[in-house]
Amino acid sequence: MKEFDYIIIGGGCAGLSLAYELETYKKLENKTLAIIEPRLEYKRDKTWSFWKIIPHNFDDCVKKNWENFSINIPTKTKHLECNSYPYQSIDSGLFYRKINNKLKKNKNINFYKDIKEISLNNSFIFNSVPSVKTDEISLWQHFCGVEIETKNNFFDDEIINLMDFDCEQRNSVHFFYTLPYAKNKALVETTWLSRMNDSSQKDYDVQIKKYLEKHLNLKNYKIIYREEGAIPLFYPSSNHNSNKLNIGTAGGMTRLSTGYTFLNIQEHSKYIRKNIENITNTRIFEINKKYQFLDKIFLRVLEKNPEKMPNIFFNMFNGSAKTVIKFLSNKSNFLEDLSIIVKMPKWIFVKALFK
Ligand SMILES: Cc1cc2nc3c(=O)[nH]c(=O)nc-3n(C[C@H](O)[C@H](O)[C@H](O)COP(=O)(O)OP(=O)(O)OC[C@H]3O[C@@H](n4cnc5c(N)ncnc54)[C@H](O)[C@@H]3O)c2cc1C
């Protein structure tokens with residue numbers, strides 16, 4: 001069976017981002033790479049959005065940039081600016097096409113559907129397939145979004161709605177998220193931060209229909225795209241060893257308090273590319289420990305006090321939006337962290353700290 005210098009298990013966001021980074025920096029001219037990906041065809045299946053706080057390779061796959069966002073609870077709405085770090089949405093269909101067009105030009109890169117088709121001997125393996133079980137106790141961010149098209153102009157496409165908590169909470173944390181791509185097109189997503197054992201939260205299509213028709217008073221629309229997903233708000237078990245490294249969600253690249261993963265994957269890919277010649281002896285890249293610690297406390301508070309979370313998220317954005325964005329994107333300094341921490345209700349966070 002054929003042997004390779006590198007094997008990437010999973011040709012999704014992390015696997016392809018890494019392959020693209022290695023190929024772009026000519027690290028695969030004299031090395032061979034196998035990508036194991038079972039999907040039969042690549043098509044748009046996700047929308048990756050984030051505040052662009054660092055440069056990345058995929059500006060040409062951006063569907064839209066916004067410099068304003070809002071957040072609301074039933075009684076109040078806040079409008080904020082993010083012109084220093086615009087909010088971007090990447091179309092996964094464009095991302096897959098761009099990367100695959102580049103990779104297919106290099107004969108050293110081969111795709112396989114199953115790992116059994118190749119030899120694992122003498123390879124360094126990058127694994128992006130997480131080993132996670134849906135148990136009764138773990139928290140997930142689970143959601144469903146539809147892209148809709150309206151007959152007439154309906155949306156203000158200059159501003160996204162990051163979190164609208166003016167909806168049924170059902171003893172969990174629930175919000176809607178709206179990305180207006182144009183005046184007559186938007187992605188509207190229902191998002192839950194909860195355990196996965198409550199099937200009553202999974203009637204996503206009903207929730208979205210009700211939100212559009214009753215809340216936004218929008219009756220004439222066409223659904224042109226739908227995505228559904230679940231992001232673990234815990235670190236998947238990792239079995240790194242001297243010739244295997246986990247990447248992507250499997251590699252702990254999700255920020256647990258937010259679910260944001262895309263830019264962390266891009267930073268991780270750059271880090272691997274810079275260290276590829278000595279990858280077996282390179283320190284494992286991870287999200288800064290201070291965020292791991294703070295997110296753990298935050299999620300404890302969220303689990304114990306779901307009813308308080310709309311206000312907690314809302315109040316987090318009192319003051320400088322730039323600081324909050326830096327904090328949520330793992331780029332804040334000590335003083336900025338402190339300015340976020342003091343906005344949190346003290347007693348429940350202290351209790352969560354000593355749980
Ligand atoms: C619908 C959705 C929307 C998201 N939106 C955002 C967002 O807006 N912003 C953000 O920052 N993050 C977002 N995320 C989180 C995160 O960025 C994505 O999940 C991202 O795709 C993670 O990349 P990954 O490579 O770890 O996993 P994936 O992209 O899922 O790639 C894993 C790949 O492994 C393949 N695979 C599965 N089983 C096997 C196997 N046995 N052997 C080999 N290959 C296998 C899969 O087919 C897949 O291609 C979203 C997640 C989802 C699910």
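Every heavy atom of this structure was used, including side-chain atoms; hydrogens, water molecules and symmetry mates were not. Counting starts at 1 for both ligands and their atoms, following the listed order.
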*Can you check whether a protein heavy atom sits less than 4.0 angstrom from atom 27 (O) of ligand 1?*
no
[atom]: the protein heavy-atom neighbour that sits closest, reported with distance to 0.1 Å:
atom                    : answer
atom 25 (O) of ligand 1 : Ala14 N, 2.7 Å
atom 16 (C) of ligand 1 : Thr261 CB, 3.5 Å
atom 23 (O) of ligand 1 : Cys13 CB, 3.3 Å
atom 39 (C) of ligand 1 : Val129 CG2, 3.6 Å
atom 31 (O) of ligand 1 : Gly12 CA, 3.3 Å
atom 14 (N) of ligand 1 : Ile231 CD1, 3.6 Å
atom 18 (C) of ligand 1 : Trp48 NE1, 3.6 Å
atom 9 (N) of ligand 1  : Ser49 O, 2.9 Å

*When rounded to the nearest 0.5 angstrom, what is the spacing between CD1 in Ile231 and OG1 in Thr261?*
5.0 Å
So is [X] polar-close to ligand 1, meaning N/O to N/O under 3.5 Å?
X      : value
Glu227 : no
Glu37  : yes
Ser128 : no

Electrostatic pair [X]-[Y], nearest N-O below 4.0 angstrom:
X      : Y      : result
Glu21  : Lys270 : yes
Glu23  : Lys26  : no
Glu303 : Arg195 : yes
Glu29  : Lys31  : no

*Verify whether one side chain among Asn184 and Asn152 offers a donor that lies under 3.5 Å from an acceptor in the other.*
no
Any atoms of ligand 1 less than 4.0 Å from a non-hydrogen atom of [X]? List them with their elements.
X      : answer
Thr249 : 22 (C), 26 (O)
Arg39  : 48 (C), 49 (O)
Ile9   : 42 (N), 43 (C)
Gly259 : 12 (N)
Gly248 : 26 (O)
Gly11  : 49 (O)
Lys46  : 1 (C), 2 (C), 21 (O), 29 (O), 30 (O), 52 (C), 53 (C)
Glu228 : 1 (C)

*Lys244 to Phe126 six-membered ring, cation-pi geometry met (6.0 Å, 45°)*: no
*Under 6.0 Å from the six-membered ring centre of Tyr25 and within 45° of its axis: does the NZ or CZ of Arg273 meet both?*
yes
*Please name the residue in the list Lys222, Lys185, Lys63, Lys64 that meets the salt bridge (charged side-chain N to carboxylate O under 4.0 Å, His left out) test with Glu147.*
Lys63
*Given Ser332, which of Asp337, Thr323, Asn288 fulfils the side-chain hydrogen bond (donor to acceptor under 3.5 Å, both in side chains) condition?*
Asp337
*Mode of Ile265 contact toward ligand 1 - side chain, backbone, both, neither (heavy atoms, under 4.0 Å)*: side chain
_Quick check on side chain to side chain contact (heavy atoms under 4.5 Å, CB included): which of Ile125, Val129, Asn127, Ile9 does Asn246 satisfy it with?_
Asn127
*Kindly work out whether a path of hydrophobic side-chain contacts (I/L/V/M/F/W/Y, heavy atoms less than 4.5 Å apart) joins Tyr96 to Ile90.*
yes
_Closest to atom 1 (C) of ligand 1 among Tyr96, Phe143, Tyr260, Trp51 (heavy-atom distance)_ = Phe143
*Does Asn108 use its side chain to pair, donor to acceptor, with the backbone of Leu28 at less than 3.5 Å?*
yes
